[in-house]
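Worksheet: the structure to be examined is printed underneath.
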Amino acid sequence: MNGILKTTALPYCKGCGHDLIAKKSAAALEKLQFTPLDVVVVTDIGCHGIIDKCLNTHTVHGLHGRSVALGAGITFGLDNPEKKVLVFIGDGGSTIGLQHIMEAARLNLNMTVVVHNNMLYGMTGGQTSGLTPQGFCTTTSADGNPFSGYDICELTSTAGASYSARIMGVGDITPSLAEAFAVKGFSLVEIMEICPSYGVKLNPRRKLSEIVESSGRKIGVWRNEKKSFIMQQGKKKNDLLASVEEVKNDFPATLEKDISLVISGSAGEGVQSAATLLARAAMRSGCHVTQKGSYPVTVGVGFSTAEVNLSPAPINFHGIDVPDVAVVTSGDGLTHSKKRIEGMKKGVLFIDESLDTPETGAEVVRHDFRSVGARSASLYALLFFANHTGLIDYEAIFRTIQESGLKEKVPVEKLREKLLQ
Amino acid sequence: MQNNSVEKKVLIEGSLLITESMARAGADSFIGYPITPANLLYLYGSRRMPLMLPAPDEITTLQWMSGLAATGRIPVTATSFPGFALMVESINMAFMMELPMVIVLVQRLGPATGTATCGSQGDISLLRGMISGGHQLPVLCTSSFEDCWSLPARAVSLAAELRTPVVLLTSKEEVMTQKSFDMSLLEEITPVKLKSYEGEETYRPYMVKEGELSPPFLPVANGKWQVRLNASTHDTNGILQHSNEEAMANTRRLDAKAREKLKDYTYYQLDEQEGARTIVVSYGITALAARDVVYSMREKGKKVSLLVVKTILPVPAVYADIMANYHKVIVAEENINAQLVDLIYGVQRPENVVPVGSIGKMITPGEILKEEDCL
């Protein structure tokens, strides 16, 4: 056979609705004049998934519950409305993969999902799924499922799918399937069936129509007037490196040995940007540098610490256990760095004069760093460090501020005045 | 590295180099889900990759990547252990379907959620055992900014050549630390192309030519040949099978391809000093401290060699061969269970192999080697 199906002898149990769904899906695709190689059928795990070998379409057989996400990936990759991505999934797969269905519906991706809802996990022995109706008997709910099942059509419709439909898996369902397959956007068809191996035996004398009706699930169509997902990407850079600002070596070298510096202050007080300015200024003087930050996950509150290594030689290891220089501009910073400062047997501690000085072997320099305002305290402290020690030319920091476009945000003149007092 | 032009000093993180390197090598899609400490890679990926999609979780991330790869794209993502754990089943799927992609794994302190902002090297045992059946994915690990340029591009080309997911291993301390770096040292990167099927006989998605281990690729939805991709045990046509001879041969081929091609991607830095009887072995972020201590010992007149391993999996046998030449072997890695040592020696660790480990902080140069260790 050269159509969608290779054979009409499908590998399903006698009386299984999956046979009908496969044949009528093929008929619907052919009715819409899709050729087999226009179609990618993505199958989930479950009895429905053994259909692959009977198809002349492209076939992708993935993991349990993930077929809709896999099909979504293919849809993104194809980005071609002339091709059809069709996902076959069961009620079990829809349970474990509910998030993927919701996501594809929310994005209104151009694909169709066919839910084979036979109301239990058939392949693994007839267990209850998230789509099993309340009261329906399964091997693991012999007295009837005590929970109500998801209404997958209501859910996908609420999420934004263009088209959701529930139909009974009896008779010629080709027109319903063709209607869903023709939708531009996300469409889902839930087909109600009863598993002949478990469902029929465990629910004797119950008819499919009565089960569906008593579960409260409506047979019908849910529509959203919504455009299909269109791939749009914003402006892209074709070279990330091209926009990285070069740091010129335009100040004389002042550093003769490695210096490790830790600056601690409060979030929102410019600790990280001050450390970056220091690092860049040091590079202007020929230094090799590293800089990294440390702060709580809630980045806008609490301490903010930056670690900077400066060296006349290339730096490998950039961890700082006990620093050569500690700079503390706030109580948050002191609390975070206190233990480290206590471990300093030499070096220099620059600390805001409002704070208590911890026990330390470092030389202590107290100064009113916060007098320039909280937001500039860190930058001022590092300028003060540069001026006090002479290790870095503070003019290199001012030049870096100027060239970084921060001149409007930083009170440069005030800082210079304070520094030279 | 060669000096290509005049010096150009910049202050950048490893993340930026990694992203640009992968893009130049041919990675064209970034699928992201936020997780510390991999977020800079997501940010740079969104700016640089021709296609960026924000996934709702890490399982979706890998599934979308797999779908994109099935259409001929080379997708990448970046994550850390909690996200990677969610990806594992789907990485198995991509391995079985033979879909090229790169997962950048930025290590952080575990177990579980651990400490998101603390670096670590605790994931290589997981990587060794993550594929059911014990099969292996290539895992490359960066240990310098130069590696952040060369190895991501190689991860992309390797993914395409072998048709497999590849893991690029790094650490919080590498991707979130800014460092002065001379960009003129960066070498050209040549984009990779997937090897396409060009035959006239019916395409069999998992059929390889004699002497080869990876099948040529065709995208799903192509108009010429049917493509079947399958995460379940399958034959060369991609049809599900229980365990027949053809399907088992296919699974054996999957096991063989990363191992048998290993010589094409065995990367390490061996800095041997004549007369040295001690060697320091390390990888990743700890290699920085290892280099420092080896160089400083040599300045003191001590003899010591250095091995930095960059291909982590499959483990190249040459590492054990090199280590066997030394009376004392110190292996430094930021975990407390000697995972690299375990990978190389299993339960038969020679007595002269001494692990140095740590958690919660970077291993310092001084913790790796003392003067008396230099025999």
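Naming: A, B, ... by sequence-line order, numbering from 1 per chain. Here the structure is a predicted model, which is why all the values come from computation and not from measurement.
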dist A:I50:CD1 -> B:L240:CG (nearest 0.5 Å) comes out at 9.0 Å
For residues 33-49 of chain A, which residue pairs qualify under salt bridge (charged side-chain N to carboxylate O under 4.0 Å, His left out), counting only residues two or more places apart or in two chains? A:D38-A:K83
Starting at NE2 of B:H234, measure out to NE2 of A:H61 and round the result to the nearest 0.5 Å. 11.0 Å
Quick check for you: to the nearest 0.5 Å, what is the distance between B:N237 atom CG and A:D52 atom CG? 12.5 Å
Residue part contacting chain A, namely of B:D57, when any heavy atom lies under 4.5 Å: side chain
Is the shortest side-chain heavy-atom distance between A:H318 and B:M362 below 4.5 Å? yes
If you tally heavy-atom pairs under 4.5 Å against chain B, which of A:T75, A:L70, A:V68 wins? A:L70
Using a 4.5 angstrom heavy-atom cutoff, name the option from A:H100, A:H288, A:M231 with the most pairs to chain B. A:H100
Toward chain A, the part of B:T71 with a non-hydrogen atom under 4.5 Å: side chain
Tell me which of these, A:L78, A:N238, A:D239, A:D321, has more heavy-atom pairs under 4.5 Å with chain B than the rest. A:D239
First locate atom CZ of B:F181, then atom OG1 of A:T290, and finally report the distance between them rounded to the nearest 0.5 Å. 14.5 Å
Can you list the residues of residues 44-53 of chain B that sit under 4.5 Å from chain A, counting heavy atoms only? B:Y44, B:S46, B:R47, B:R48, B:M49, B:P50, B:L51, B:M52, B:L53
Residue from A:L107, A:T57, A:V39, A:I45 scoring the most non-hydrogen pairs under 4.5 Å with chain B is A:T57
Can you check whether A:N309 reaches B:K179 side chain to side chain, under 4.5 Å on heavy atoms? no
Looking only at A:V60, A:L240, A:I74, the option with the highest number of non-hydrogen pairs under 4.5 Å against chain B is A:L240
Return the CG to NE2 distance between B:N222 and A:H58, rounded to the nearest 0.5 Å. 5.0 Å
Counting heavy-atom pairs under 4.5 Å with chain A, the top scorer among B:A289, B:P56, B:S66 is B:P56
Given heavy-atom pairs under 4.5 angstrom as the criterion, report whether the side chain, backbone, both or neither of A:E245 touches chain B. backbone
Stepwise side chain to side chain contact (heavy atoms under 4.5 Å, CB included) test for A:L241 and B:K8: CA-CA 11 Å; A:L241 302 182; B:K8 186 183 178 188; over 6 Å; no
Is B:L11 in contact with chain A via its backbone, its side chain, both, or neither, using a 4.5 Å heavy-atom distance? both
Please state whether the side chain, the backbone, both or neither of A:Q99 comes within less than 4.5 Å of a heavy atom of chain B. side chain
Ignoring hydrogens, what is the shortest heavy-atom contact between A:F76 and B:L68? Give both atom names and the distance. CB-CD2, 3.8 Å
Honestly, the part of B:E13 sitting under 4.5 Å from a heavy atom of chain A is neither
Minimum heavy-atom separation for B:W64 and A:A69, please, with both atom names. CD1-O, 3.1 Å
Taking all atoms of both residues into account, what is the closest heavy-atom pair of B:S180 and A:C287, and its distance? OG-O, 4.4 Å
Look at atom NZ of A:K53 and say whether more than 12 heavy atoms of other residues, nucleotides or ligands are closer to it than 6.0 Å. no
Which atoms of A:N80 come close to chain B, meaning under 4.5 Å heavy atom to heavy atom: side chain ones, backbone ones, both, or neither? neither
Who wins among B:K9, B:M93, B:R228, B:M96 for the most heavy-atom pairs under 4.5 Å with chain A? B:R228
Greatest number of heavy atom pairs closer than 4.5 Å to chain A - which of B:K224, B:E89, B:M65: B:E89
Has A:N316 got a side-chain atom pairing as donor or acceptor with B:R291's backbone, closer than 3.5 angstrom? no
Name the region of A:V40, side chain, backbone, both or neither, that has any atom closer than 4.5 Å to a heavy atom of chain B. side chain
Gap between atom CZ of A:R280 and atom CD of B:Q178 - 0.5 Å precision: 8.0 Å
Can you tell me if B:Q63 uses its side chain to pair, donor with acceptor, with the backbone of A:L63 under 3.5 Å? no
Taking atom NZ as the centre, does A:K248 end up with more than 12 heavy-atom neighbours from other residues, nucleotides or ligands that are less than 6.0 angstrom away? no
Contact class of B:I12 relative to chain A, heavy atoms under 4.5 angstrom: side chain
